[in-house]
Trainee: 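Sharing a structure, written as structure tokens. Questions coming.
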Amino acid sequence: MNKATIRIIISYSLFLWLLTIVQFSLPEFVQILGIKPDLLFVFCILVGYLYGISDAIIIGLIAGFIRDSLAGRFLGIGMLIFLFCSVFASIFLKKFLSRNVLIALCQVLMATILYYISINAISLIFFQSSESFFQYSIWVIQNQMIPGIVTNIITAGILFYLLKKFGPYKKASLEVLDDSYSLG
């Protein structure tokens, strides 16, 4: 293994480890209407956007597995959602602007909306609610999606900076990533 590959593995491992610890120990004052930012999810989106499809696939699966394991959800659903959203972020709007903070925030906005729609559609399909579809959808938008969007966008701004500053790739090698989309 060369130094660049070791740097990538250590960097991603540290980010995943730290974000997992922070995610599950965030105090209540960082919540908006009871919703905390989803650090691992935002991390997946930003990795996909900043570093390409290979990194998006690997980090999306690992972060989704961590999230599913620790959050007590069905193992695999989070992995798939994280994978799809991170791959989506690596492809969507990439040709127009790359490594732009505003586009990264738009990516997080769109992915968060897709995430809440997916999770709640699965909940409606498998765990039918006593409320009507319309009432349930309004409740999800007001009490989950909007606070989730706000907290995730704030988190995305911070994580974007941290990834640019302490990310897995040296700044000189980022130009190579624009064309190759490869891990290491």
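Numbers for residues simply follow the sequence, beginning at 1. Every heavy atom of this structure was used, including side-chain atoms; hydrogens, water molecules and symmetry mates were not.
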Trainee: Do the non-hydrogen side-chain atoms of Lys36 and Thr151 ever get within less than 4.5 Å of each other?
Mentor: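 No; the side chains remain at least 4.5 Å from each other.
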Trainee: With a 4.5 Å cut-off on side-chain heavy-atom distances among I, L, V, M, F, W and Y, is there a chain of contacts connecting Ile117 to Ile149?
Mentor: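 Yes: a chain of side-chain contacts under 4.5 Å links Ile117 to Ile149.
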Trainee: Give, for atom CG of Leu102 and atom CD of Gln107, the distance between the pair rounded to the nearest 0.5 Å.
Mentor: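 It comes to 12.0 Å.
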Trainee: Atom CD in Gln23, atom CG in Leu18: separation rounded to 0.5 Å?
Mentor: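 Result: 13.0 Å between the selected atoms.
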Trainee: By ring-ring contact (aromatic ring centres under 6.0 Å, His included), which residues pair with Phe15, not counting sequence neighbours?
Mentor: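 Phe15: ring-ring contact (aromatic ring centres under 6.0 Å, His included) contacts with Phe43.
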Trainee: Which heavy atom of Gly60 sits nearest to which heavy atom of Cys44, and what is that distance?
Mentor: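 The answer is CA-SG, 3.7 Å.
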Trainee: Would Leu70 end up clustered with Ile62 when hydrophobic side chains under 4.5 Å apart are linked, directly or stepwise?
Mentor: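 Yes, because Leu70 and Ile62 connect within a single hydrophobic cluster, where side-chain heavy atoms sit under 4.5 Å apart.
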Trainee: For Phe160, run the side-chain contact (heavy atoms from CB on, under 4.5 Å) check against Thr155, Leu50, Val42, Leu105 and tell me which one passes.
Mentor: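 So the option named by the test is Leu50.
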Trainee: Give a yes or no on this: more than 12 heavy atoms of other residues, nucleotides or ligands lie within 6.0 Å of atom OH of Tyr161.
Mentor: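 Open: at most 12 neighbouring heavy atoms sit under 6.0 Å from OH of Tyr161.
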Trainee: Could you give the distance from CG (Leu16) to CD1 (Ile59), rounded to the nearest 0.5 Å?
Mentor: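 CD1 of Ile59 is found 5.0 Å from CG of Leu16.
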Trainee: Show me the pairs that pass salt bridge (charged side-chain N to carboxylate O under 4.0 Å, His left out) and involve residues 134-158, at least two apart or across chains.
Mentor: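 Listed once each, the pairs would be none.
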Trainee: Taking all heavy atoms of Ala56 and all of Ser86, pick out the closest pair and write down the distance.
Mentor: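 Looks like O-OG, 2.9 Å.
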Trainee: Are Trp17 and Phe65 linked, directly or through other ILVMFWY residues, by side chains that come within less than 4.5 angstrom of each other?
Mentor: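 No, no single cluster joins them.
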Trainee: When rounded to the nearest 0.5 angstrom, what is the spacing between CG in Leu83 and CD1 in Ile58?
Mentor: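 Atom-to-atom, Leu83:CG and Ile58:CD1 are 11.0 Å apart.
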Trainee: Starting from Val101, can I reach Ile158 by hopping between I/L/V/M/F/W/Y residues whose side chains sit under 4.5 Å apart?
Mentor: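 Yes, same cluster.
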Trainee: The criterion is side chain to side chain donor-acceptor pair (under 3.5 Å); which residues satisfy it with Thr112, sequence neighbours excluded?
Mentor: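 Only Asn152 meet the side chain to side chain donor-acceptor pair (under 3.5 Å) criterion with Thr112.
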Trainee: Do you know which two heavy atoms are closest between Gly148 and Tyr116, and how far apart they sit?
Mentor: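 Result for this residue pair: CA-OH, 3.7 Å.
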Trainee: Do Ile8 and Tyr51 come within less than 4.5 Å of each other through their side chains, counting heavy atoms only?
Mentor: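 Side-chain contact under 4.5 Å: no.
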Trainee: Rounded at 0.5 Å granularity, tell me how far CG in Leu163 sits from CG in Leu46.
Mentor: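 These two atoms lie 6.0 Å from each other.
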Trainee: Among residues at least two apart in sequence or on other chains, which ones pass side-chain contact (heavy atoms from CB on, under 4.5 Å) with Leu14?
Mentor: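 If we apply the side-chain contact (heavy atoms from CB on, under 4.5 Å) test to Leu14, skipping adjacent residues, the hits are Ile10.
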Trainee: My understanding is that only residues two or more places apart in sequence, or in another chain, count here; which of them pass side chain to side chain donor-acceptor pair (under 3.5 Å) with Gln142?
Mentor: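 Expected list: none.
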Trainee: Considering only residues two or more places apart or on different chains, which pairs with a residue in residues 38-53 satisfy salt bridge (charged side-chain N to carboxylate O under 4.0 Å, His left out)?
Mentor: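 Only Asp38-Arg67 qualify under salt bridge (charged side-chain N to carboxylate O under 4.0 Å, His left out).
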Trainee: Please examine the side chains of Tyr169 and Arg7, heavy atoms only from C-beta on, and report whether any two atoms are closer than 4.5 Å.
Mentor: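 When only atoms from C-beta onward are counted, Tyr169 and Arg7 do not touch, as no gap falls below 4.5 Å.
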Trainee: With clusters defined by side-chain heavy atoms of hydrophobic residues (ILVMFWY) lying less than 4.5 Å apart, directly or transitively, does Leu40 cluster with Phe84?
Mentor: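 They do not share one cluster, since no chain of ILVMFWY contacts under 4.5 Å joins Phe84 to Leu40.
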Trainee: About how many Å separate CD1 of Ile57 and OG of Ser90, when rounded to the nearest 0.5 Å?
Mentor: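 Spacing of OG (Ser90) from CD1 (Ile57) equals 7.5 Å.
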